[in-house]
2 protein chains.
Amino acid sequence: MIDRDVAFERIREAGLRLTPQRRAVIEELSGDRSHPLAEDVASRVAMRVPGVSLSTVYKILHELGDLDLIRELSLPGAMRFDPDTESHAHLVCPECNDIIDVPLDPATTDVLSGAAEKATGADVSHMEITLYGTCAACGPRA
Amino acid sequence: MIDRDVAFERIREAGLRLTPQRRAVIEELSGDRSHPLAEDVASRVAMRVPGVSLSTVYKILHELGDLDLIRELSLPGAMRFDPDTESHAHLVCPECNDIIDVPLDPATTDVLSGAAEKATGADVSHMEITLYGTCAACGPRA
DNA sequence: GTCGGTGCAAAATATTTGCATTGTG
DNA sequence: CACAATGCAAATATTTTGCACCGAC
């Protein structure tokens, strides 16, 4: 997520109210690199706002996704949420289920949207790239 | 999926029995381009093998994924199954939920696995690339 | 005949929805 | 003080699991 205050601003621009729940979700997520589940976000938010409901957290996460403040990742098992909306891929290790960020050359993602727009005539807004493979920690012992 | 008979062969090589259920799942899936849900596969298979259970279809689909005969796609809402294991991307239209294949230059996927292996030290086995955007049919009317 | 495979039913997990209540602007 | 937003509980959807029975080899 770009910046806490930029996010607050965009929330208001969208005509939404800056409730303690929204504020807490944004603050817990900004800077997070762990690709949390909705439930992870909810339990962290609960430390700041006792009593938050999981369904409210789901609603807020979808709103932030719609506003392009976070990315919603469709990973095996469940959705995960990523405050980093810059183009990057994810490496998922089937052994330990760890999710590792993979930086990408912008040229590569341009090639992908170009290929999709040419092949389908669609207007690509964003993409999700997931690579599967044994991570270094789980890999063949040296 | 490469070929019906190649798939049967690989099933046997893996020490699995060629049951009518496995045969039907393979035959219904090979050549399919619709990215079906598990339930879609089950209902088609049911025409050939009355009484197949959904849980058996799930098990068979996972086996085929493990044997690399199909790909399991983690798309929003639910898993979908793709007999085409060659590298290609998917364009998902948020309007109509249609899923369109996007052919890719092998060089592009090589760049991606290269980036991931360099960045994380992982051994990439395969990848899933999903692009989101309004498709031509749903796009701005001319 | 053996042992893997299947069907059934129930469980587990993830996410959505409706509605009464609350609190931001 | 209006109306959006929240919390709760129940509903929905997807996928997994345990076990008794069946059938491929």
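Given the structure is predicted, the values throughout are model-derived calculations rather than measurements. In what follows, chains carry the letters A, B, and so on, assigned in the order in which the sequence lines appear, proteins first and then strands, with residues in each chain numbered from 1.
Among pairs with a residue in residues 87-109 of chain A, those fulfilling ring pair (Phe, Tyr, Trp, His ring centres under 6.0 Å) read His35(A)-His90(A), His88(A)-His90(A), at least two apart in sequence or across chains. Listed by first then second residue, pairs satisfying salt bridge (charged side-chain N to carboxylate O under 4.0 Å, His left out) with a partner in residues 11-25 of chain A read Glu9(A)-Arg12(A), Arg22(A)-Glu63(A), not counting sequence neighbours. Among residue pairs with one or both ends in residues 99-111 of chain A, none qualify as salt bridge (charged side-chain N to carboxylate O under 4.0 Å, His left out); sequence neighbours excluded.
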Checklist outcome for this item: Whether each nucleotide of nucleotides 8-22 of chain D has a protein heavy atom under 4.0 Å at its base (B), only at its sugar-phosphate (S) or at neither (-) is summarised, 5' to 3', as B-----SBBB-----
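For the segment residues 14-24 of chain A, residues with any heavy atom less than 4.0 angstrom from an atom of DNA chain C are, sorted by number, Arg17(A), Leu18(A).
Contact annotation for Leu61(B): no contact, since no heavy-atom pair falls under 4.0 Å across all strands.
A search for side chain to side chain donor-acceptor pair (under 3.5 Å) contacts involving Ser55(A) returns Ser53(A), not counting sequence neighbours. Arg48(A) pairs by the side chain to side chain donor-acceptor pair (under 3.5 Å) definition with Glu27(A), Glu28(A), not counting sequence neighbours. Residues passing the side chain to side chain contact (heavy atoms under 4.5 Å, CB included) test with Ser43(A), sequence neighbours excluded: none. Evaluation of the side chain to side chain donor-acceptor pair (under 3.5 Å) rule for Thr120(B) yields no partner, not counting sequence neighbours.
The nearest whole Å value for the distance from the CD1 atom in Ile11(A) to the C1' atom in dA5(D) is 12 Å. Following rounding to the nearest Å, Ile26(A) (CD1) and dA5(D) (C1') show an atom-to-atom distance of 14 Å. Computed from coordinates, the Phe8(A) CZ to dG25(C) P distance equals 12 Å when rounded to whole Å.
Of all the heavy atoms in Ala42(A) and Leu54(A), the pair that sits closest is CB-CD1, 3.8 Å.
Within the hydrophobic cluster formed by Ile, Leu, Val, Met, Phe, Trp and Tyr side chains joined at under 4.5 Å, directly or through other members, Leu104(B) is accompanied by Leu91(A), Ile100(A), Val102(A), Leu104(A), Leu112(A), Val124(A), Met127(A), Ile129(A), Leu131(A), Leu91(B), Ile100(B), Val102(B), Leu112(B), Val124(B), Met127(B), Ile129(B), Leu131(B).
Across its full length, the helix from dG1(C)-dC25(D) to dG25(C)-dC1(D) shows an angle of 40° between the axes of its 5 terminal pairs at either end, rounded to 10 degrees.
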Donor-acceptor pairs under 3.5 angstrom involving side-chain atoms of residues 65-77 of chain A: please list them, not counting sequence neighbours.
{"unit_1": "Asp68(A)", "atom_1": "OD1", "unit_2": "Arg71(A)", "atom_2": "NH2", "d": "3.3"}
{"unit_1": "Asp68(A)", "atom_1": "OD2", "unit_2": "Arg71(A)", "atom_2": "NH2", "d": "3.4"}
{"unit_1": "Arg71(A)", "atom_1": "NH1", "unit_2": "Thr85(A)", "atom_2": "O", "d": "3.3"}
{"unit_1": "Glu72(A)", "atom_1": "OE1", "unit_2": "His62(A)", "atom_2": "ND1", "d": "2.8"}
{"unit_1": "Ser74(A)", "atom_1": "OG", "unit_2": "Ser74(B)", "atom_2": "O", "d": "3.3"}
{"unit_1": "Ser74(A)", "atom_1": "OG", "unit_2": "Leu75(B)", "atom_2": "O", "d": "3.4"}

